[in-house]
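Notes follow once the structure below has been shown.
For clarity, every value in this text was computed on a predicted model and none was experimentally measured.
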Amino acid sequence: MTESLDSARLAAWRAYIEASQRLYTRLEDDLRTDSALTFADYHVLVLLSEAPGQRLRMGELASRLIFSPSRLTYQISTMQRRGLVARESCPDDRRGSEAVLTAAGLLALREAAPRHLLSVRTHLMDDLDDAEVACLTRIFERLGRRLRADRDASTGRPHN
């Protein structure tokens, strides 16, 4: 029983990886074609746009993006040169810094978001089969619940 369960999980994991890689490649291509943003740019902008004051500490941003600190530093520096974000010292911790959404970053996000959502719907419908969509849906739902619980815990709100 354990062996078949493990092989079923392994097969589901492989299906998820293959589907998500295919989807990611197509979405990355569409996003770059329409807006010159990378997926990483887009996700940083989304997180900052949803944060209080449109700013997040670098450590919190790295954990939400699952980036290493060096990868995040590179990402933010690249986005800073393009005017999408600013980097400021934290008022309550001089050793730390925060990424801050700029007006140009918010504009880039607003322009890219509708096309990105259309791209997601198009590729989910056209490029993935039903089993792949179901697999990705389960994972995204689980991730969404975890992120909402984390957000609610940090703000002191009870989660549903």
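- Linking Ile, Leu, Val, Met, Phe, Trp and Tyr whenever their side-chain heavy atoms come within less than 4.5 Å puts Met58 and Leu101 in one cluster.
- More than 12 heavy-atom neighbours from other residues, nucleotides or ligands sit within 6.0 angstrom of CZ on Arg71.
- In this structure, Leu27 is a member of the same hydrophobic cluster as Ile17, with clusters built from ILVMFWY side-chain heavy atoms closer than 4.5 Å.
- Looking at every heavy atom in both residues, Gly83 comes nearest to Thr102 through O-OG1, 2.6 Å.
- Although no hydrogens or angles enter the test, the distance criterion places no donor-acceptor pair under 3.5 Å between the side chain of Ser119 and the main chain of Arg115.
- To the nearest 0.5 angstrom, Arg64 atom CZ is 8.5 Å from Glu50 atom CD.
- At a threshold of 4.5 Å between side-chain heavy atoms, the hydrophobic network of Ile, Leu, Val, Met, Phe, Trp and Tyr places Tyr24 and Leu45 in one connected group.
- One finds the OG atom of Ser35 at 15.5 Å from the CZ atom of Arg110 (value rounded to the nearest 0.5 Å).
- At a threshold of 4.5 Å between non-hydrogen side-chain atoms, the residues Leu106 and Leu48 do not count as touching.
- Taking CG of Asp30 as the start and OG1 of Thr25 as the end, the distance is 11.0 Å to the nearest 0.5 Å.
- When hydrophobic clusters are built by joining Ile, Leu, Val, Met, Phe, Trp and Tyr residues whose side-chain heavy atoms come closer than 4.5 Å, directly or via intermediates, Val46 is grouped together with Leu72.
- Side-chain contact between Leu61 and Ile76 is present, with at least one heavy-atom pair separated by less than 4.5 Å.
- By the 6.0 Å contact criterion, CZ on Phe39 is enclosed, its count of non-hydrogen atoms from other residues, nucleotides or ligands being greater than 12.
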**OP:** Let me see the working for Glu18 and Arg22 under salt bridge (charged side-chain N to carboxylate O under 4.0 Å, His left out), right down to the final yes or no.
**Re:** CA-CA 6 Å; Glu18 290 169 7; Arg22 212 167 59 249; 5.8 Å; no
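- In this structure, CZ on Arg26 lies 15.5 Å from CG on Leu31, to the nearest 0.5 angstrom.
- When side chains are defined from C-beta on, Leu37 does not count as touching His116, because their heavy atoms never get closer than 4.5 Å.
- A side-chain donor-acceptor contact under 3.5 Å links Asp41 to the backbone of Thr38.
- A donor-acceptor contact shorter than 3.5 Å is absent between the side chain of Ser97 and the backbone of Arg87.
- The hydrophobic clustering, which links ILVMFWY residues whose side-chain heavy atoms are closer than 4.5 Å, places Tyr42 and Val100 apart.
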